[in-house]
Amino acid sequence: MSELHFYNSYTRQKEKFEPITQGYAGLYVCGPTVSGESHLGHARPYITFDIVQRYLKHLGYKVRYVRNITDAGHFEEEGREAIDKVGEKAKLEKMEPMEMVHKYTSMFHNGMHLFNCEEPAIEPTATGHIIEQITMIQTIMEKGYAYEVDGSVYFDVKKYAETYPYGKLSGRIIEDQLETTRELDGQDEKRNKVDFALWKKAPPEHIQRWNSPWGEGFPGWHIECSAMSSKYLGETFDIHGGGMDLQFPHHESEIAQSTIAHGHPPVRYWMHNNMITINGKKMGKSYNNVIKLSELFSGNHPILEQAYHPMVVRFYILQTHYRSTLDFSNEALQASERALKRLWEAYEILKKLTHKGNAEAEDKDLDNKVINWLNECTDFLNDDFNTAKVIANFFELAPVINGIKGGQVSAGAISAQTMDLLKSTFKIFLEDILGLKPLQASQSGKLDNVLALLIDMRKDAKKRKDFAASDLIRNKLAEAGILLKDEKDGKVSYTVE
RNA sequence: GGUCGGAUGGCCGAGUGGCUAGGCUCAGCUCUGCAAAAGCUGCUACAGCGGUUCGAAUCCGCUUUCGACCUCCA
């Protein structure tokens with residue numbers, strides 16, 4: 001595809017991306033609730049939408065990427081008592097809510113940094129936008145779609161559904177929702193089970209509380225995203241992203257709130273990433289099967305056979321299309337680790353490769369293949385961000401690069417121009433768009449010098465046919481995580497584990 | 001129970017009507033003092049049963065089976 005198309009969850013089909021304002025793209029992604037540490041499952045949306053954001057920029061759009069931090073009390077919609085997740089956890093940890101929120105926000109940021117996810121342009125917090133949320137709730141009340149009961153305010157979904165397509169995004173039928181209602185013995189303040197809270201009265205023990213026209217309380221979960229996205233991206237913006245599990249009720253509610261408050265739907269394109277599963281089950285708090293990011297990176301978890309580098313995890317996620325489920329296993333991660341190492345080494349070799357021979361390609365057939373593999377990468381991303389296919393093509397190219405270096409492929413097989421294209425495309429796709437980095441930082445010159453000495457000593461030993469000595473050097477270095485490789489031309493290179 | 005989505009080779013995973021992705025593993029070969037790395041070659045799969053079609057992993061139906069959402073969830 002020559003233009004960007006991607007799957008719109010709202011219409012359930014792939015659509016061509018046409019921004020509201022030519023040259024600009026607004027992207028809102030539901031961020032983390034910072035009442036706990038992020039886990040592997042959380043990594044997926046942020047890596048997925050990092051690609052979206054990076055690719056839009058690559059296409060020349062000026063992107064405003066907004067990702068919120070939920071630092072105000074979520075509460076259980078159907079529970080009889082409002083449970084403030086942030087406040088409850090803070091009490092458990094004997095911390096001020098803000099202290100705890102700061103702690104987990106920092107950890108989240110650190111994780112994102114390790115994954116090489118670019119920072120959003122704006123990262124608004126729910127607690128920083130209480131006024132905006134109250135204002136929006138008031139607007140909805142004025143329009144007659146919300147009602148107050150004893151200090152809490154609820155959105156009237158039943159009334160909304162009479163005029164608007166409630167349930168379209170998540171494929172739900174309002175009547176079913178109403179019928180399957182199991183009333184909670186009249187203790188429920190809501191007119192209908194389907195109604196959701198916009199504002200919740202704070203019980204006395206509740207830590208996080210703000211003044212409002214309805215008394216002290218705290219905002220509902222859904223309203224923060226509506227208030228903040230419209231504030232920073234406008235009443236209608238281009239793309240809203242998040243995990244599939246947020247489709248209902250979160251995103252459905254966002255649509256309802258914004259539609260009433262602003263008179264039209266808020267979002268042009270909805271995007272949802274699929275879940276990461278573990279043994280076929282979604283990774284999530286309620287399943288007790290989460291692997292926290294710190295555990296993943298340290299290997300400190302019963303399920304983990306080893307530590308996994310953040311880039312390996314990123315690569316592993318990108319090898320699967322974002323709308324497919326992705327099952328965690330040590331085997332899969334380890335395969336990704338080997339694959340990434342091989343690919344990256346080919347890239348390092350490519351950087352040092354200089355074109356030899358005629359400017360014209362000696363092997364026209366190969367030259368055309370290479371050009372085609374490179375050009376296809378754009379088509380793949382244009383077709384619903386298919387990073388899996390992009391990566392597959394780079395694995396087609398790796399043997400060509402290694403072959404040129406190893407002499408199996410003639411140095412002038414591809415044209416000088418193709419060589420340049422190869423180099424620039426690797427850089428643009430691997431680094432800029434896929435956001436990959438080498439597994440370890442480049443080594444200091446000091447290590448180079450030390451190794452040069454050892455390599456020389458080993459060379460001498462080999463000359464004397466003292467293989468015991470040469471193998472000793474190689475084996476000891478290998479134990480230390482430094483692998484020597486004897487190149488064809490007599491040179492010796494090394495890689496550090 | 002309702003709604004929706006899957007089931008692809010030893011493992012992971014692309015793929016929507018013909019041109020049999022890719023990765024990892026495994027085996028053989030080349031290179032090497034031996035290795036490692038790299039290269040080459042091989043392993044040809046689409047849950048089952050029907051149907052549509054000249055032709056289906058890909059479309060339709062049924063069956064089996066797994067999962068997601070319906071409550072907080074990325």
Side-chain angles (χ1 to χ4, degrees), chain A residues 12 29-33 35-36 38-49 74-79 83 85 167 170-173 175-177 179-180 193-194 221 241-250 252 272-277 280-287 290 315-316 319-321 323-343 345-346 349 376 380 383 386-396 398-409 462 465-467 470-471 474-475 478 483-488 493-495:
Chain A
R12 290 157 198 263
V29 174
C30 288
T33 300
S35 58
S38 300
H39 61 74
L40 174 59
H42 295 121
R44 195 162 193 199
Y46 307 128
I47 290 173
T48 297
F49 292 105
H74 271 204
F75 51 90
E76 295 186 353
E77 297 266 332
E78 303 308 324
I83 293 172
K85 281 194 173 174
S170 53
R172 241 150 272 262
I173 298 157
E175 284 73 22
D176 294 349
Q177 302 283 310
E179 276 169 26
T180 55
K193 191 201 169 193
V194 287
W221 172 35
M244 261 185 181
D245 50 354
L246 296 183
Q247 236 173 31
F248 188 89
H250 186 54
E252 199 72 70
H272 292 94
N273 63 275
N274 214 318
M275 302 291 103
I276 288 183
T277 59
K281 282 259 192 297
K282 175 182 160 185
M283 186 177 288
K285 274 174 277 191
S286 7
Y287 296 96
V290 301
F315 186 72
Y316 156 76
Q319 272 182 302
T320 304
H321 187 84
R323 285 195 287 119
S324 300
T325 52
L326 170 56
D327 197 48
F328 168 88
S329 72
N330 282 286
E331 222 181 341
L333 256 316
Q334 284 159 13
S336 289
E337 183 176 285
R338 291 201 183 94
L340 177 58
K341 276 183 180 166
R342 189 162 83 84
L343 183 62
E345 239 171 272
I349 289 165
E376 276 179 339
F380 294 155
D383 186 10
N386 199 326
T387 53
K389 280 187 148 189
V390 170
I391 290 170
N393 267 27
F394 279 99
F395 277 105
E396 296 283 7
V400 177
I401 294 164
N402 290 329
I404 290 175
K405 191 204 176 201
Q408 296 94 341
V409 176
K462 280 174 73 176
K465 303 240 184 255
D466 182 0
F467 296 121
S470 72
D471 287 353
R474 188 174 65 195
N475 294 340
L483 299 175
L484 296 187
K485 291 180 207 166
D486 293 332
E487 305 290 351
K488 275 226 166 57
S493 65
Y494 70 88
T495 53

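Please read these numbers as outputs of a predicted model, since none were measured by experiment. Order of the sequence lines sets the chain letters (A, B, ...), proteins ahead of strands, with each chain counted from 1. Heavy-atom basis, side chains included; hydrogens, waters and symmetry copies ignored.
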S.K.: Just the rounded figure in Å: distance from P of B:G13 to CG of A:N393.
M.R.: 20 Å
S.K.: With the side chain of A:H321 defined as its heavy atoms from C-beta on, choose the nearest nucleotide among B:C24, B:C11, B:A14.
M.R.: B:A14
S.K.: Report the nucleotide, chosen from B:A21, B:U71, B:A74, that has the shortest atom-to-atom distance to any side-chain atom of A:K193.
M.R.: B:U71
S.K.: Rounded to whole angstrom units, what separation is found between the CE atom of A:M244 and the C1' atom of B:U3?
M.R.: 14 Å
S.K.: Can you run through RNA chain B from 5' to 3' and write each base as (, ), [, ], | or . depending on how it pairs? Watson-Crick or G-U wobble, both distances under 3.5 Å.
M.R.: (((((((..(((.....[...))).(((((.......)))))....(((((..]....))))))))))))....
S.K.: Would you mind telling me which of B:A74, B:G33, B:G13 lies closest to the side-chain atoms of A:D327?
M.R.: B:G13
S.K.: On RNA chain B, compare the nucleotides closest to A:N402 and A:H250; which residue's is nearer the 5' end?
M.R.: A:N402
S.K.: What pair of heavy atoms forms the shortest contact from A:H39 to A:G41, and how long is it?
M.R.: ND1-N, 2.9 Å
S.K.: Could you state the atom-to-atom distance from CD of A:Q247 to P of B:A68 in whole Å?
M.R.: 15 Å
S.K.: A:S470 near the nucleic acid: base, sugar-phosphate alone, or nothing, with a heavy-atom cut-off under 4.0 Å?
M.R.: base
S.K.: Quickly, which of A:T277, A:T325, A:D245 forms a side chain to side chain donor-acceptor pair (under 3.5 Å) with A:K282? Name it, please.
M.R.: A:D245
S.K.: Looking at B:A74, B:A14, B:C11, which one has an atom nearest to any side-chain atom of A:E331?
M.R.: B:C11
S.K.: For the side chain of A:T320, counting heavy atoms from C-beta on, which of B:C34, B:G13, B:G23 is nearest?
M.R.: B:G13
S.K.: Kindly say if A:R342 contacts the phosphate of B:C24, meaning a side-chain N or O under 4.0 Å from OP1 or OP2.
M.R.: yes
S.K.: Where the side chain of A:R44 is defined as all heavy atoms beyond and including C-beta, which of B:A74, B:A37, B:C69 is the nearest nucleotide?
M.R.: B:A74
S.K.: OP1 or OP2 of B:C11 sitting under 4.0 Å from any side-chain N/O of A:Y316?
M.R.: no
S.K.: Quickly work out the A:K405 NZ to B:U30 P distance and round it to whole Å.
M.R.: 21 Å
S.K.: What is the nucleic acid contact for A:G406, judged by heavy atoms within less than 4.0 Å: base, sugar-phosphate only, or nothing?
M.R.: nothing
S.K.: Nearest to the side chain of A:R338 - B:G39, B:A68, B:C24?
M.R.: B:C24
S.K.: So if I take every side-chain heavy atom of A:D245 and compare against B:C69, B:C4, B:A38, which nucleotide ends up nearest?
M.R.: B:C69
S.K.: Would you say A:T495 places a side-chain N or O within less than 4.0 Å of OP1 or OP2 belonging to B:A37?
M.R.: no
S.K.: For residues A:T387 and A:Q319, is any side-chain donor paired with an opposing acceptor at under 3.5 Å?
M.R.: no
S.K.: Pick the closest RNA chain B nucleotide for A:S329 and for A:A388 by heavy atoms, then say which residue is nearer the 5' end.
M.R.: A:S329
S.K.: To the nearest Å, give me how far apart NE2 (A:H42) and P (B:A74) are.
M.R.: 4 Å
S.K.: Atom CG of A:L326 and atom C1' of B:G23: how far apart are they, to the nearest Å?
M.R.: 14 Å
S.K.: If you compare all heavy atoms of A:N273 against all heavy atoms of A:F49, which two are closest, and at what distance to 0.1 Å?
M.R.: OD1-CE1, 3.7 Å
S.K.: Among B:A74, B:G39, B:A21, which is the nearest nucleotide to the side chain of A:M275?
M.R.: B:A74
S.K.: Ignoring the backbone of A:F248, work out which of B:A74, B:C69, B:G67 is nearest its side chain.
M.R.: B:C69
S.K.: Identify whether any heavy atom of A:I276 sits under 4.0 Å from a base atom; if not, whether one sits that close to sugar-phosphate; answer base, sugar-phosphate or nothing.
M.R.: base
S.K.: State plainly whether the residues A:D486 and A:K462 are in salt-bridge range, i.e. N to O under 4.0 Å.
M.R.: yes
S.K.: Taking only side-chain nitrogens and oxygens of A:R172, does any of them come within less than 4.0 Å of OP1 or OP2 of B:C69?
M.R.: no
S.K.: Does the side chain of A:N273 get closer than 4.0 angstrom to OP1 or OP2 of B:A74 through an N or O atom?
M.R.: no
S.K.: For B:G10 versus B:A47, give the span between their P atoms, rounded off to a whole number of Å.
M.R.: 13 Å
S.K.: Under 4.0 Å between any heavy atoms, over every strand shown, what does A:L246 touch: base, sugar-phosphate, or nothing? Just pick one.
M.R.: sugar-phosphate
S.K.: Reckon A:K389 has a side-chain N or O less than 4.0 Å from the OP1 or OP2 of B:G13?
M.R.: no
S.K.: Find the distance A:E345:CD to B:A38:P and express it as a whole number of Å.
M.R.: 7 Å
S.K.: Looking only at non-hydrogen atoms, find the nearest pair between A:D327 and A:Y316 and report the distance.
M.R.: O-OH, 3.0 Å
S.K.: Are the charged groups of A:E337 and A:R342 less than 4.0 angstrom apart, N to O?
M.R.: no
S.K.: Kindly give the heavy-atom pair with the smallest separation between A:R44 and A:I276, and that separation in Å.
M.R.: CD-CG1, 3.7 Å
S.K.: Within the 4.0 Å heavy-atom criterion, would you say A:Y287 contacts the bases, only the backbone, or no part of the nucleic acid?
M.R.: sugar-phosphate
S.K.: Is A:F467 stacked on the base of B:G33 when the test is centres under 5.5 angstrom and planes under 30 degrees?
M.R.: yes
S.K.: Atom CG of A:D471 and atom P of B:A36: how far apart are they, to the nearest Å?
M.R.: 12 Å
S.K.: Which pair of heavy atoms, one from A:F248 and one from A:S170, lies closest together, and at what distance?
M.R.: CD1-OG, 3.4 Å
S.K.: Which heavy atom in A:A339 sits nearest to a heavy atom in A:F315, and how many Å separate them?
M.R.: CB-CE2, 3.9 Å
S.K.: Tell me whether the side-chain N/O atoms of A:N386 come closer than 4.0 Å to OP1 or OP2 in B:A14.
M.R.: no
